[in-house]
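Step one of this worksheet: look at the structure below.
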Amino acid sequence: MNTTGKTCQQNLIGEMGKRWVFLFLLLEFAYFSISASGYFSFDTVQMILFYGTEIFLLASAELFVIITGGIDLSVGYVLGFATVISSKLMVVFASLGISPIGCILISIVITLVIGLIPGFVNGVLVAKLRIPPFIATFSMLGITQGISELLMQGIPAKNLPILAGSIGNGYLLYIVPGQALSFFHRPDVPRGVRVYEIIPNVVVFAFLFIAVFAFILKRMRFGQHLYAIGGNIDAAARAGINVRKNLVAVYMLSSFFASLAGIIYVMKYITGKADAGAGFLLDAIAAVVIGGASMFGGSGTVWRTILGCFVIAVLETGLRMMGTPTFDKYILVGVILIFTVLIECFFSNFKK
Amino acid sequence: MRTSELSSRPGFTQTTIGRTVGRNWALFFLIFMVIVFAFTGSGFFEIANFQNIIHLSSTSILLAAAETFVIITGGIDLSVGFVMGLSSALAARIMVILSTTALPVPWIIILGSLAGLVISLIPGFISGTLVARFKVPPFIATMGMWGICNGITLRLCHGFFPIAGLPAALPELGNGYLIYIHPGKSITFFQKPEYLADNQIRELIRLIPFSFILITVVILILWFILHRHRFGQHTYAIGDNVDAAIRAGIDVNRHLVKIYMLSSFLAGLAGVYNVFQTGIGNYTTFSAMYELFAVAAVVIGGASLAGGKGRILGSFVGVLVLAVLKNGLAISGVEPFVRYIAVGVLLIVAVTIDQLFPDLF
Amino acid sequence: MGYIIETRDITKRFGGLTAVDKVSMGVNAGEVVAVLGDNGAGKSTLIKMISGVHRPDEGSILLEGNPMKFENPMGALASGIETIYQDLALAENLNVSSNIFLGREKTKKRFGLFNVLDHPYMLEESKHVLDKLDIHIPSLKSTIRTLSGGQRQAVAISRSIYWDAKVLIMDEPTAALGIAEQKKVLNLVNSLKSQGIGIIIISHQMYDIFEVADRIIVMRRGRKVAERLVSETDPDEIVGLIVGAETVKK
């Protein structure tokens, strides 16, 4: 038996092992606040949130799949697929004379429904045909890329409703100190008067979904079953969990989140293209791993994945504001990724 | 999913024909495609086109060969594409720097190439050590190296600028042929006939590109290592059952480090060759997805991501399947997006076949 | 007196191989029956038919006198036949109470809209069932990964018991355990027996069998070759039966 003193020490180190990402994030933020002038501000935080929205969504998507012990390589191109579909639809509906808000809403709904299809196929391939997730989702990557190119024919959609851009780049709350406070609408003020913009719309939109599914993952049966499948797929099956159905659902969920990210991309940048999400895959998976999830499945939480996203986003914005070439980010993300796993290994020795 | 009750499917796969087809379906499919494209695309079924296909896929073949070893051990190397970029950029950068000195051109090329090859051992050493000694999942270790190599490459490229200003001899070497035949007039080796004017170049028959010789040599060596040497036996043993390999006295950690270094080295070779082929130093873009296509080729070639299975020639056929598909569809006038879809569908079919014929490879 | 579970002439063939050939056996409530046999004798196949993994080609399985037809393991579970496999089938990343309730989680309605997991209830119930079996685990919130082999076995057993097992099938319950833990598991089997559950044990450990079993069934090449009361036999005879030396003896 251990002495209480040793146990206490072990607990402390174990706790540090769990919290180090948070500590690291604080250190990182402190470092950039000192090194990059103007970094330490509310606007920077908003900027991190705004530019990071797609990563937050894609990392959440990836997390669900990774919890079950799988991987989804297609999220980036499902994002692209969704940008192409939603932008094309908005243009088509606009040309039919539907009101802008109607165009946007209908397009979003249709895109989200169509966006479930790649995930459904992934899920069926993985669960029913027992194809390794790596291969199944890579195939789907190619297929969605091909379909996006087919729909686009080399020409990105033009003439999107202006409203889309103003929602995508708008804020939840505008405050003109001492004068006005308005939701969604930028108050008309003379030039030079400072308007405080609080929380970008897209961030609200994204975190609404992330919060709902974080809750489902943590508190509902579906979430519990995902962890069980990732922990021991045979045990889950023998305990009567419908493993196949759950796997199909999780890949659909992943695609759903990727489609959401695609819609947000369209609203932010008012364009859609097949390779819109090509560069996001490394960041999304890295965020999940930095957030402490195991690639073998069975662990990981939304909250810690979001922390992982922040680690990357703080780094990226920090480097940008310091004037360092942004491609240094790749080196640092790679290093952090490897160190995360090393640290987990190190601390897990103490936990025993 | 992984319960053993589901995997017993006797019948067709137990017949001799079934075995042969199942084991070599990629080769049969390749032949089938060649026949189909021979009818649908004019100019497909010609020696020049076949040489072209192999020449253009030589880097992919090297990357797939690299991936084969890692996949047989049950791992994966996501960094190959970016190690290739790193070697390409470093070799080019060194050559550019040396060009300012009085060094003769052959030395510039040799030193630059050596630098590219040597640097490529480092990422492999690091990811191998992480995987073997620190038990970091291969996916993450090599993904980390992906990021690091990519960042360093872009530094060498000063951002997103390919490195130009290299010796002009490079592309001639990289794109040269062993034999040049000017019908009825002359046969020369290594160089085209000097008297030939530019407008006569179309009359020339060129045979056996240097790239073909390079990959033939590499594949022969790797084939020997994998199928005729203890190193290969150990590789399969580790992929099949790590514990058994350890108990059998194989130094698994050391072996894994070697495997990842070999993988990385082959990626480096691809990078250096890429400089010879294009005459510039190239960084790797995200959307190229070299590493994923390499994995795809290896899987089409009959390997299993679970480890213990895979053949060098299988991976070679796997690359050719993808390359012929691309080339054939393009020559047949099919729109490029169809190719992406076709690759996806092909992969799914490949793995499904692998599931149906579980114990053949 | 009626058996709680009974097989009548059940047969299972795989291709040309008859894995189980017309085996009839029965277990009374509160009785431990051991199935013994060499590798390939058909023990596992017999057990798998009772637990619903395989469907018998011939013969019938009766639970409390009623013929049963299980389409899959879930059917057997629903009828109160619980199986503890050698690998225990626990999700190591989840905690004790989550494992006891795995696949059958208790939920409660929130805001009358959706069901959330009722962790307090599941913890409380898990505590009860562990107490009932006199099992001590430091914290029900600790993950299975942190438990010893014996504790894991105990969790697997508690899970079966919580779901009102009538029949409990145990496949090599002590195979992976240390000596002290083997003892605990055997005590556990004895306490289950006293609660009126019918237990079938597959084991290679002769000592275990004579410690807890009431009756022994010996199988060889798919057939039941002998049935003995533990009180009327000894390990030597059983070993002889397993290897096929009984004819010599007679």
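Order of the sequence lines fixes the chain letters, A, B, ..., with proteins taken first and strands second; residue numbering starts at 1 for each chain.
Taking the ring pair (Phe, Tyr, Trp, His ring centres under 6.0 Å) definition, one finds that A:Phe32 meets it with A:Tyr39, sequence neighbours left out. With sequence neighbours excluded, no residue forms a ring pair (Phe, Tyr, Trp, His ring centres under 6.0 Å) with A:Phe280.
For A:Tyr269, the OH atom sits in a packed shell: over 12 heavy atoms of surrounding residues, nucleotides or ligands are nearer than 6.0 Å. A 6.0 Å sphere centred on OH of B:Tyr236 holds more than 12 heavy atoms belonging to other residues, nucleotides or ligands. Enclosure of atom NZ in B:Lys135 by more than 12 non-hydrogen atoms of other residues, nucleotides or ligands within 6.0 angstrom is indicated.
A:Leu281 CG to B:Met143 CE: the interatomic distance, rounded to the nearest 0.5 Å, is 6.0 Å. Going from atom CD1 of A:Ile336 over to atom CD1 of B:Ile148 covers 10.0 Å, rounded to the nearest 0.5 Å. Rounding to the nearest 0.5 Å places CG of A:Leu150 at 4.0 Å from CZ of B:Phe337.
Contacts between A:Ile71 and chain B at a heavy-atom distance below 4.5 Å involve the side chain alone, from C-beta outward. Neither the backbone nor the side chain of A:Phe339 has a heavy atom closer than 4.5 Å to any heavy atom of chain B. With a threshold of 4.5 angstrom between heavy atoms, B:Phe286 approaches chain A through side-chain atoms but not through N, CA, C or O. Contacts of B:Phe139 with chain A are made by side-chain atoms alone, with heavy-atom separations under 4.5 Å and no backbone atom involved. When heavy atoms are compared at a cutoff of 4.5 Å, A:Leu129 approaches chain B by way of both its backbone and its side chain. Residue A:Leu141 touches chain B through its side chain alone, counting heavy-atom pairs closer than 4.5 Å. Contact annotation for B:Phe293: both backbone and side-chain heavy atoms come within less than 4.5 Å of a heavy atom of chain A. Proximity to chain A is absent for every atom of B:Leu346, based on heavy atoms less than 4.5 angstrom apart.
When all heavy atoms of B:Pro137 and A:Val341 are compared, the pair lying nearest together is CD-CG1, 3.8 Å. Between A:Pro132 and B:Leu305, the shortest heavy-atom contact is CB-CD1, 4.1 Å. The shortest heavy-atom contact between A:Tyr77 and B:Ser287 is OH-CB, 3.6 Å. The shortest heavy-atom contact between B:Gly144 and A:Leu337 is N-CD2, 3.7 Å. A pairwise comparison of heavy atoms in B:Ala141 and A:Ile338 identifies O-CD1, 3.9 Å as the closest pair. Across every non-hydrogen atom of B:Ile341 and A:Gly146, the tightest pair is CG1-CA, 3.8 Å.
Of the listed residues B:Asn150, B:Val345, B:Ile140, B:Ile152, the one with more heavy-atom pairs under 4.5 angstrom with chain A than any other is B:Ile140. For the set B:Leu292, B:Thr285, B:Val338, B:Thr153, the count of heavy-atom pairs under 4.5 angstrom toward chain A peaks at B:Leu292. The candidate from A:Val333, A:Val335, A:Ile285, A:Ile147 with the greatest count of non-hydrogen atom pairs under 4.5 Å with chain B is A:Ile285. Ranked by heavy-atom pairs shorter than 4.5 Å toward chain A, the options B:Leu154, B:Ile126, B:Val295 are led by B:Leu154.
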**Request:** Could you walk me through whether B:Val299 and A:Phe134 pass the side-chain contact (heavy atoms from CB on, under 4.5 Å) test, one step at a time?
**Result:** CA-CA 11 Å; B:Val299 169; A:Phe134 190 93; over 6 Å; no
**Message:** Evaluate B:Leu130 against A:Leu342 for side-chain contact (heavy atoms from CB on, under 4.5 Å), listing each step before the verdict.
**Reply:** CA-CA 8 Å; B:Leu130 289 169; A:Leu342 287 181; 3.9 Å; yes
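Residues A:Gln153 and B:Glu335 are in side-chain contact: their nearest non-hydrogen atoms beyond the backbone lie under 4.5 Å apart.
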